[in-house]
Enquirer: 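Below is one structure. I have some questions about it.
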There are 2 protein chains.
Amino acid sequence: MTGVEDRDAGRELSTAVVAFHEAVGATLGVTAVDQRALAVIMGAGSVSAGELAKEIGLTPGAVTGVVDRLARAGLARREPDPEDRRRLVITAVPGAFGDAFSGLAEAMAGLTERYTPAEQAVIGDWVTRTIAVLREQTRILNERR
Amino acid sequence: MTGVEDRDAGRELSTAVVAFHEAVGATLGVTAVDQRALAVIMGAGSVSAGELAKEIGLTPGAVTGVVDRLARAGLARREPDPEDRRRLVITAVPGAFGDAFSGLAEAMAGLTERYTPAEQAVIGDWVTRTIAVLREQTRILNERR
DNA sequence: CACGATATTTCAGTATGCTGAACTAAATTG
DNA sequence: CAATTTAGTTCAGCATACTGAAATATCGTG
């Protein structure tokens, strides 16, 4: 009776996610762009400022500010690359982002417990495929500009 | 094998949702706050400018700008309240927001088809509960300020 | 080892959106 | 029906973050 698309659940989920991100950003003093940059950094392990600029679509000058804010919030570190001292090695501070989300992580873990392993597999599959759909649709929107 | 919490799927979903919202905002010329305001408007059916100001935590002056941008994007309408001509009745334009998301809606509908009704029920339940968790965690974060 | 290329920072200029206060218009009250 | 209150808009001032260009430091190369 509670289908996935009932009552715009997807839109409500989306709105709730965005509101949560805004609250995290306000708490930590980082922008939405900063958080996306952090996601890129965590995804890649480490990146240089130039790579980050290309990835999030900003100029190198703006990336300085992004990394400043992430570093000030204790979320990322900026170190010179020992191999090429012009470059930076930007890394995420392990656990720091998780700390900001710890309340959420606990609550979500409690939620997961409610489901059988088979059900968890279904949910996990849906999440994975939804991520793929969102990325594709985001790509399409960004191309139309 | 693909559990809900594997590989920070939740965080990736979250990031993907935010990135999509940013792309929608950039396409339509509305800010993240505007989109949250629109969600409030759609949730309530219609609101006055003052109610909207209280709901999203902005001054009345800022709400004028929010409604301007939503109206310019064709997402909301601003009409005088016939009962009290000082007030505005702000409503969402039916379907307009859906149009912006039509690609996503189609893709998500296709995704839903992959699952049995029982599986869809599990996913729907998880989404509903996740929304509740996110709202609660957002509330907690916003209170700490 | 000098010269051009590359990585990042700094900085001035610009754009955007918010606040707070003054203003306009409409409702309520005595 | 004048005075007060309420709703929304306008506007000046402020904060933030971005761009583009100049400056600095380091690397690779002939």
Side-chain angles (χ1 to χ4, degrees), chain A residues 18-19 21-38 40-41 44 46-73 75-91 142 145, chain B residues 18-19 21-38 40-41 44 46-73 75-91 142 145:
Chain A
V18 171
H21 262 254
E22 281 175 22
V24 169
T27 301
L28 297 178
V30 298
T31 69
V33 170
D34 297 340
Q35 292 183 67
R36 206 174 67 227
L38 184 59
V40 169
I41 296 166
S46 77
V47 293
S48 70
E51 288 162 359
L52 192 53
K54 204 170 289 181
E55 200 69 37
I56 59 180
L58 294 180
T59 60
V63 167
T64 300
V66 170
V67 179
D68 281 349
R69 288 187 295 273
L70 289 176
R72 179 165 8 105
L75 296 172
R77 235 191 301 266
R78 169 201 265 140
E79 284 157 344
D81 186 335
E83 309 256 312
D84 179 345
R85 281 176 298 178
R86 293 169 305 180
R87 286 184 176 237
L88 292 182
V89 177
I90 302 166
T91 54
N142 285 333
R145 275 185 297 142
Chain B
V18 172
H21 262 254
E22 281 174 23
V24 169
T27 301
L28 297 177
V30 298
T31 69
V33 171
D34 297 341
Q35 292 183 67
R36 205 173 69 228
L38 185 59
V40 169
I41 296 165
S46 77
V47 293
S48 70
E51 287 162 359
L52 192 54
K54 204 171 289 181
E55 199 69 38
I56 59 180
L58 292 180
T59 60
V63 166
T64 299
V66 169
V67 179
D68 280 350
R69 288 187 294 274
L70 288 177
R72 180 167 2 107
L75 296 172
R77 235 191 301 264
R78 169 201 265 139
E79 284 159 344
D81 185 335
E83 310 256 311
D84 180 345
R85 280 177 299 179
R86 294 169 306 178
R87 285 185 178 237
L88 292 181
V89 177
I90 302 166
T91 54
N142 285 334
R145 274 185 295 143

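Because the structure is predicted, anything quoted here is derived from the model rather than measured. Just so we're on the same page: letters track the sequence lines, and every chain starts at 1.
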Enquirer: Apply side chain to side chain donor-acceptor pair (under 3.5 Å) to A:R86 and list each qualifying residue two or more places apart in sequence or on a separate chain.
Expert: A:D84

Enquirer: Return the set of residues passing side chain to side chain donor-acceptor pair (under 3.5 Å) with A:S48 (not counting sequence neighbours), or none when no residue passes.
Expert: none

Enquirer: Within this structure, what is the CG-to-C1' distance between B:D81 and D:dG8, rounded to whole angstrom?
Expert: 13 Å

Enquirer: Using side chain to side chain contact (heavy atoms under 4.5 Å, CB included) as the criterion, list what pairs up with B:A53, not counting sequence neighbours.
Expert: B:V63

Enquirer: Rounded to the Å, how far apart are B:E83 CD and C:dA26 P?
Expert: 16 Å

Enquirer: Between protein and nucleic acid, restricted to nucleotides 14-16 of chain D and to nitrogen or oxygen atoms under 3.5 Å apart, what atom pairs and distances do you find?
Expert:
none

Enquirer: Taking side chain to side chain donor-acceptor pair (under 3.5 Å) as the definition, give me every residue that meets it alongside A:D81, ordered by chain and number, with sequence neighbours left out.
Expert: none

Enquirer: For B:R85 and C:dA27, is the shortest distance between a side-chain N/O and OP1 or OP2 below 4.0 Å?
Expert: yes

Enquirer: How does each nucleotide of nucleotides 4-13 of chain C score, in 5' to 3' order, for protein heavy atoms under 4.0 Å: base (B), sugar-phosphate only (S), or none (-)?
Expert: -BBSSBB---

Enquirer: Take atom CG of B:L58 and atom P of C:dG20, then tell me their distance rounded to the nearest Å.
Expert: 11 Å

Enquirer: Check side chain to side chain contact (heavy atoms under 4.5 Å, CB included) between A:V47 and all other residues, then give those that pass, not counting sequence neighbours.
Expert: A:I41, A:A44, A:E51, A:L52, A:I90

Enquirer: For A:D34 and A:T31, what are the C-alpha separation, side-chain angles and deciding distance, and is it a side chain to side chain contact (heavy atoms under 4.5 Å, CB included)?
Expert: CA-CA 5 Å; A:D34 297 340; A:T31 69; 3.0 Å; yes

Enquirer: Not counting sequence neighbours, which residues clear salt bridge (Lys or Arg N to Asp or Glu O under 4.0 Å) with A:R78? List them please.
Expert: A:D68

Enquirer: Can you list the residues that meet the side chain to side chain contact (heavy atoms under 4.5 Å, CB included) rule with A:A62, with sequence neighbours excluded?
Expert: A:L58, A:T59

